[in-house]
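Input: a single structure, listed below in C-alpha cells.
Positions are given from 1 along the sequence. Quantities reported herein were computed from a predicted structural model and do not represent experimental measurements.
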Amino acid sequence: MSGNKREMEVTVPHLAESLVSATIGKWLKKPGDYIEEYDALCELITDKVTTEMPSPIAGRLTKLLVEEGVTAAVGEVICIIELTAGSAAATSSGLNAVNHSEGDAAVHVSSEADVSMRSRYSPSVLKLAAEHGIRLEDVRGTGLGGRITRKDIEAFAASGSPNHGAAGTESAVPAIEKGDIFIPSQPRGPVRSTGIHLSHNPPLPNIEVEGQELEGRSEYLIDVTPIRNMIATRMRQSVTEIPHAWTMIEVDVTNLVLLRNKLKDDFRQKEGVNLTYLSFMLKAVVSAIKDYPIMNSVWAVDKIIVKRDINISLAVGTEDSVITPVIKKADQKNIAGLAREVDDLSRKARAGKLSLNDLQGGTFTVNNTGSFGSIASYPIINYPQAAILTFESIVKKPVVIQDMIAVRSIANLCLSLDHRILDGVICGRFLQRVKENMESYNQESKLY
C-alpha cells in the first residue's frame, strides 16, 4: 500500500438517554467486506431492544475491535472502516478521523485530546485491568485520543510487559500459548491444560448437534444468548422485588365472536391488517384503567406514582424471546387504531426492527397467551409496573343461563398484581369492569 489512507473509527452510538453500554450480538460484516453507507454492521443488544447498527459511512471494513458477546460502552470504538474516495466528506458527521501513513499504525491526535481521553476508562477496561493486575498508566492506548480499549489491555497482558499487582511487585508475564491457562495468584510459569484458553470471555460450550453427541453425557448444552441473559435478569428482579399475587375471571365473549366474524373480512380489505380479538380486549382494558387509574402505577418506596398516560406494553413472542413493544396513549385510540398498532408492532418485533422508542414508557402489560392455546397462566409482572393481564384462549363451554344450559364462548382473564400497591378488592373490581366492557360488545358496536 502506498501513500496515505484514511480510516474512521466507528463507535457505539448513544441510542437513548439512559443507555451507557451495548453488547455486540452478531457481526453482520467481516473484515475485508465493502460496506455501503447505512448497511447493517452488527446487531447491538441493550437491556430493552436488539437493533441493527447501520454503517455511518461507505468504505471497506478493515478491523473488528469488539468480539461478539462482549459489552462496549457508548462511545467505545468497535471497528475501523477504510474510507473510499467518495466518502471523505463524512468526516464532519461526528466520526473520529484517523490518519495512517504507510506502515504507521499510530493514531495522530492532539496532546490535549490525549490527556482528556486517556483518563476515560470503560467499565470493561477497568474490570479486565484489575483481573490481570495491570496499571492503566503503563498501557499505551490506541483508541480515540489515546483512550485505552479492551484490546490494549489484552495485548499488554499477552505481550509479557511488567505486571503490577496489588502488592506492588513486578515480574515478567510469560507468553501464553494455546492450551495454557495463567492464574495470577500462582507462580508465573504456564500450567498445561488441554483445551483451555486465556480470555476475559471464555468460549461458551458448543451446542450438541445431531450425530455429534458429547461423549459420556446424557444431556446437551445451549449457549445463553445476551438477550436470554437479559430476560433472566429482569425476571429475577421482578419476582425478587415484587410480591406477586394472582387472580382470574371468566368472560363470556360469545357476542364478541359474532361481531368479529361479521367485520373481519371488510376490515382486512379496508385496512390491510387482521382484526384480532386482542384489539377489542385492549379497548376494554384501557377503558377499565381509566375507571381504576391505580392499576396504571409504579411503586416508589415511600410513594405510589400513578401514570397519567396509559401506555400498554404488548407482550410479543419471537423465535427465541419475548419482548414488549408499547402502544403509546392507548386510551386515545379506537378499536381500529389499536388493531393497526398491534399489527405494526408485532411485525416489527418479529423482524427485529423495533427501536428503543418502541419499547419505552409502558405502564401496564397485556399478553395474548390464548393465541397458542393456553387457558390459564400466572404471568410475571413487567418490572416496574403494577400489574400484567393475560387474555387466554376462547373455548366453547356449557354454561347455565336463567336455569338453562347453553353453549357459550368463554375466555379467562388472568391478572398478576403487585401486592404492595394493589389488593384483591380493587383488582376484583377492575377485572369485573373489563369483563363488563368485553361482554357489552354486540352487533352494533363500532370500530372507529
Side-chain angles (χ1 to χ4, degrees), residues 7-12 14 20-24 27 31 42 61-82 95-101 103-178 180-191 196-203:
E7 293 183 338
M8 305 298 285
E9 292 180 336
V10 181
T11 62
V12 176
H14 193 197
V20 296
S21 65
T23 300
I24 305 297
W27 281 105
C42 64
L61 181 61
T62 60
K63 187 180 296 185
L64 304 181
L65 301 179
V66 178
E67 298 175 357
E68 293 180 359
V70 175
T71 299
V74 169
E76 186 172 337
V77 180
I78 59 174
C79 69
I80 294 177
I81 295 177
E82 182 181 346
L95 296 172
N96 307 313
V98 185
N99 294 322
H100 294 269
S101 299
D104 182 11
V107 180
H108 299 280
V109 293
S110 68
S111 59
E112 291 183 3
D114 183 74
V115 172
S116 62
M117 293 302 292
R118 275 188 58 85
S119 61
R120 294 175 57 186
Y121 306 125
S122 70
S124 61
V125 165
L126 293 172
K127 181 178 179 181
L128 190 57
E131 289 179 355
H132 289 290
I134 295 173
R135 293 195 317 181
L136 291 172
E137 294 84 352
D138 298 333
V139 181
R140 177 179 176 274
T142 60
L144 172 64
R147 187 177 184 184
I148 298 171
T149 67
R150 282 176 45 85
K151 293 292 184 180
D152 297 329
I153 300 296
E154 291 171 347
F156 188 89
S159 67
S161 299
N163 183 296
H164 299 267
T169 60
E170 299 185 7
S171 61
V173 180
I176 306 299
E177 300 177 354
K178 182 177 180 181
D180 291 346
I181 180 169
F182 181 75
I183 305 173
S185 60
Q186 301 297 322
R188 295 305 192 232
V191 179
I196 302 178
H197 305 267
L198 178 64
S199 172
H200 176 57
N201 290 288

task = Would you name the heavy atoms of D138 and F156 that are closest together and state the gap between them?
result = O-CE1, 3.4 Å

query = Without hydrogens or angle criteria, can the side chains of T71 and T23 be said to hold a donor-acceptor pair below 3.5 Å?
reply = yes

key: CA sep, side-chain torsions, deciding dist, call: V77, V10, side-chain contact (heavy atoms from CB on, under 4.5 Å)   = CA-CA 6 Å; V77 180; V10 181; 6.0 Å; no

inquiry  = Using side-chain heavy atoms (C-beta onward) and a distance below 4.5 Å, is T62 in contact with I81?
reply    = no

message = I need the single residue from V139, I134, L136 that forms a side chain to side chain contact (heavy atoms under 4.5 Å, CB included) with D152. Which is it?
response = V139

message = Assess the residue pair L65 and I78 against the criterion (side-chain contact (heavy atoms from CB on, under 4.5 Å)); give the C-alpha distance rounded to whole Å, side-chain angles, the decisive distance to 0.1 Å, and a yes or no.
response = CA-CA 5 Å; L65 301 179; I78 59 174; 5.6 Å; no

request  = Compare every heavy atom of E67 with every heavy atom of I24, then report the nearest pair and how far apart it is.
outcome  = CB-O, 3.7 Å

message = Within the 4.5 Å heavy-atom criterion, are V12 and S21 side-chain neighbours or not?
response = no

For the student: nearest non-hydrogen atoms of E7 and E82, plus distance = CG-CA, 4.0 Å

task = May I have the step-by-step check of side-chain contact (heavy atoms from CB on, under 4.5 Å) for V66 and C79, ending in yes or no?
result = CA-CA 7 Å; V66 178; C79 69; over 6 Å; no

